[in-house]
Every structure is written in structure tokens, then in C-alpha cells.
Amino acid sequence: METERNTSQPATSLPRLGQPAPMFEAVTTHGVLKLEDFKGSWLVLFSHPADFTPVCTTEFLGFTQLYPEFKKRNVALLGLSIDSIYAHIAWVRNIEEKFGVKVPFPVIADLNKEVATAYGMIMPGESKTETSRCVFVIDPEGIVRAMIYYPLTTGRNMNEIVRLIDALQTADKYKVATPANWQPGDKVIVPTPNTQEMAEERVAKKGEYELVDWYFSKKTLSKTGV
Ligand code: BEZ
């Protein structure tokens, strides 16, 4: 017997960490934008359920407040929902009128659900007509580096998204990893040795690191990263 399938979101095309982000060309509040337009900068592509809703409004205020922090890190913001361009324009104008805040980033009007479907932003278990609160961090080469999914009822923490960007950029620059609850300036994790010889070397060189055991060492990054 054939099982019923939801063909609107083919599993094969969903974004995967470490793989190229799905291409798009979309109508936004700042004109037509394509994924390629963001080449050379980091991109935080995020969806919200609907315009003129309270939690989403607090998120737009939060993203706007931290916009300078994203900019400092060479990160562009791009919002999306399944609403018309006119609804988006009216909503960002309303945010400016009611909160005195001008939304500085573009918002995709994805009425035909093309981008939402390509990125798997619609979770039919939550809503068939709204995107969930998804975040895709895409690096300057167009590779998906992180994904966050929040439900309709929970507003996201924008400071955590900035922290995630800091962690990714630090990992790329210094070839290290970052521990739980890491904040810039904290010690980082030195890559774990992957041969017995390297493990012995690590233990022998323990003065260079804060060494707990051969597989677990931390270090402070100096200004030069050494
Ligand atoms: C909101 O943004 O307030 C919201 C949107 C969809 C479902 C629940 C809350």
C-alpha cells in the first residue's frame, strides 16, 4: 500500500551542514536578491511565521538592535515569511511608527513558498501556512554552517546567534573548537590528537596548554591567535 507523502518539501533538497546552501532569487523589501549577492559575506537567513504578530515583532526589534554587531562581523541579515511584499512594507513601517526603530535588513516575500520549501522552513506539524522560526548561517563561500529551528511560540535569542557567528569565525580563523557556553575571550579547545604519537606529543608539551588529558586541552588565544 502506498503511503501518503508530503511532496512540498522533498527531503533530498533540504540544507545540510557543510553543503552549499540552496540557491534562491527572491523579491524582498530591498528589491530582488539572489544568494550569490551575498558571496564574500556571511549571511543569516531567518524565517518568521507572519507579519503583524507580536513575537515576530520582538524578534525584528532584536535583530535590528544587534544589526551593528552583525555588520561588524561581516554578516548580512535576510528575513523571510510567507507574506506579500506589501504586508512586509506595511509591517516594517508600523514597527518604525510604533517603536521608533527602522528595520535595516531586507525581508523576502515568499508568497509562493519557493525559498521556504527549498530550505525546509515549513514544519507541517506546526503550521502548513507559516514558516517556523528557522535560522541558516551561510558562510562567504555559500556553505551552510549552522541551522537553528525554534517553534512558533518561542522568540529566538539574537545574542546566541551573534555568539554562534563568533564561534564559527574563531574556529575557522584559528583551527580550534569552542566549548559549551563559550564567549569571545574565553579559552578555546585545541584539536584532539588523532594518532598515538600526537597524543604522546601533546602530553609532553603540556606546558603550552591547559591540559586535562591527552584528548582535552584548552588554550587562550593571543591577539595573534598563537
Ligand atoms: C507571534 O509572532 O506572536 C506568533 C506567530 C505565530 C504563532 C504564534 C505566535
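Remember, it's 1-based here, ligands and their atoms both numbered in the order they're listed.
- Ranking the protein heavy atoms by distance from atom 6 (C) of ligand 1 puts Pro49 CB, 3.7 Å first.
- Among protein heavy atoms, atom 3 (O) of ligand 1 sits closest to Val55 N, 2.8 Å.
- Residue contacts with ligand 1: Pro54 is included, with a non-hydrogen atom under 4.0 Å away.
- Using a cut-off of 4.0 Å between Lys/Arg side-chain N and Asp/Glu carboxylate O, Arg73 and Glu69 are scored as salt-bridged.
- Each of Asp83, Thr57, Thr29 was scored for a side chain to side chain donor-acceptor pair (under 3.5 Å) with Trp91, with one residue passing: Thr57.
- Glu36 and Lys39 are not joined by a salt bridge, as no carboxylate oxygen comes within less than 4.0 angstrom of a charged side-chain nitrogen.
- Taking distance alone, with nitrogen or oxygen atoms compared against 3.5 Å, Glu130 stays at or beyond that limit from ligand 1.
- Atoms of ligand 1 found under 4.0 Å from any heavy atom of Cys56 (numbered from 1 in listed order, with element): 1 (C), 2 (O).
- The closest approach between a heavy atom of Arg133 and any atom of ligand 1 is below 4.0 Å.
- Heavy atoms of other residues, nucleotides or ligands lying less than 6.0 angstrom from CG of Asp213 number more than 12.
- Neither the backbone nor the side chain of Glu59 comes within contact range of ligand 1; no heavy atom lies under 4.0 Å.
- Within the listing of ligand 1, atoms 7 (C), 8 (C), 9 (C) sit less than 4.0 angstrom from a heavy atom of Leu152.
- Remark: Glu160 engages Arg163 in a salt bridge, criterion side-chain N to carboxylate O under 4.0 Å.
- Residue-environment remark: CZ (Phe52) exceeds the threshold of 12 foreign heavy atoms within 6.0 Å.
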